[in-house]
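Every chain is numbered from 1, with letters handed out A, B, ... down the list of sequences. All values below come from the heavy atoms of this structure, side chains included, with hydrogens, waters and symmetry mates left out.
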There are 2 protein chains.
Amino acid sequence: MAKTTVEQGAIDSVAHLIAQLRQKLVESVERELAPLGLTHAQFVVVAQLANGMAGTPVEFCRLLNYDSGAMTRLLDRIEEKGVIRRVRSSKDRRSVGLELTDKGRALYPSIVPLILGVNKRLLRGFSKSESQLLDQFLRRMLANET
Amino acid sequence: MAKTTVEQGAIDSVAHLIAQLRQKLVESVERELAPLGLTHAQFVVVAQLANGMAGTPVEFCRLLNYDSGAMTRLLDRIEEKGVIRRVRSSKDRRSVGLELTDKGRALYPSIVPLILGVNKRLLRGFSKSESQLLDQFLRRMLANET
DNA sequence: GTACAATTACTGCCCAGGCAGTATAATTGC
DNA sequence: GCAATTATACTGCCTGGGCAGTAATTGTAC
């Protein structure tokens, strides 16, 4: 049996709402990306690589707050799909450069609108000022020590 | 190497903020629960069981929107720690009843204040009306189709 | 220059979760 | 009453993460 229908009980904390939202978002992104053969986690790396936000495993770990071992294996899976490539650096021979393959570059443009769509639908019904207020609220919670 | 420091790049969408918040919350709860020997996922089951929100694996799957196989294994781990117990039902012999053990019942009261603390600190600096507005925003996003 | 420390990527081991398929038991249709 | 369907819990196999420890390389102190 796969997942059953959603319900909800008494745990109505903000924390729980956030957890539910995150799950919903991941599911949506996975659904959109499935035809392209990418998972949510894999998409994030590909997108950041395409945007030049990071170029080595350790940079991705810092950018995405990831464990180093988890990143190694995530990159393994993306590389195995032929979307990225590892290139050992000649300057610092500890370091590994990451590049999109031709396949990866071809894939990226079709990903962007899908992701923008998910974010847009998430905020459906929100006015501009409401979105801005929500953004502030989220940032304030992120800044709090928990 | 374990996780490195946090930073953030260009993905500033609400979706990404929600993902970051969720990660932060899970880490906080794990940190609080570690001395008690429970993980975040395990705590959720124990708490809902203590509150009588669910009593069988399939009920927990519905309550927490979980896959059935994942739930079986999660329950395995909690049972192995001696916190819960499986009792085969005599009425419906497919069904498995779940109960807190003495150890589980003893554990629960010390969990509650830890979790309330995390939620309280998350909302530090929020006025009552701000918290309510935030709650509405989150529920509205949850209700949107994505 | 050579010990020592830090950095990088990786591995093993664990927990967490989804999907597909299975055996058993209960329910439904007829 | 019995065949077909549904429900329940489970298993195998996969991706995704964290933690600890390691080998290789680089940087630093002296």
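One atom, CZ of A:R93, and another, C1' of C:dT7, lie 15 Å apart when rounded to the nearest Å. Computed from coordinates, the B:R31 CZ to D:dC19 P distance equals 11 Å when rounded to whole Å. Going from atom CG of B:L38 over to atom P of C:dC15 covers 13 Å, rounded to whole Å. Taking atom CZ of residue A:F60 and atom P of nucleotide D:dG16, one finds them 14 Å apart after rounding to whole Å. Atom CZ in A:R94 sits about 8 Å away from atom C1' in D:dG27, given to the nearest Å. Rounded to an integer number of Å, the gap from B:M71 CE to C:dA16 C1' is 11 Å. For the pair B:L75 CG and D:dC10 P, the interatomic distance rounds to 7 Å; values are reported in whole Å. In this structure, B:I78 places its CD1 atom 18 Å from P of C:dC14, rounding to the nearest Å.
With C:dA9, D:dA9, C:dT8 as the choices, the nucleotide that has an atom nearest any side-chain atom of B:V96 turns out to be D:dA9. In this structure, of C:dA9, C:dA26, D:dA9, it is D:dA9 that holds the atom nearest to the side chain of B:V58.
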Atom pairs under 3.5 Å, N or O on each side, protein against nucleotides 12-15 of chain D: can you list them with distances?
| from | atom 1 | to | atom 2 | distance (Å) |
| --- | --- | --- | --- | --- |
| D:dG12 | O6 | B:R73 | NH1 | 3.3 |
| D:dG12 | O6 | B:R73 | NH2 | 3.4 |

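The main-chain N or O of A:I115 is found under 3.5 Å from a side-chain atom of A:N119 such that the two form a donor-acceptor pair. Not a single donor-acceptor pair under 3.5 Å links the side chain of A:N51 to the backbone N or O of A:M53. Side chain of A:K81 to main chain of A:L38: no donor-acceptor pair is present (N/O by atom type, distance under 3.5 Å, no hydrogens or angles). Panel note: side chain A:E99, backbone A:I84; no donor-acceptor pair is recorded below 3.5 Å. Within the 3.5 Å criterion, the main-chain N or O of A:D92 finds no donor-acceptor partner in the side chain of A:S95. Using a distance-only test at 3.5 Å, with no hydrogens or angles considered, no donor-acceptor pair links the side chain of A:R85 to the main chain of A:G97.
Applying the 4.0 Å criterion to OP1 and OP2 of C:dC10, one finds that A:R86 has a side-chain N or O inside that range. At the phosphate of C:dA9, OP1 or OP2 sits under 4.0 Å from a side-chain N or O atom of A:S95. Listed pair B:R88 / C:dT24 fails the phosphate criterion, with no side-chain N or O lying under 4.0 Å from OP1 or OP2.
By the rule that hydrophobic residues join a cluster once side-chain heavy atoms approach within less than 4.5 Å of another member, A:V46 and A:V26 end up as members of separate clusters.
Across all strands shown, B:T72 has heavy atoms under 4.0 Å from base atoms, whether or not it also approaches the sugar-phosphate.
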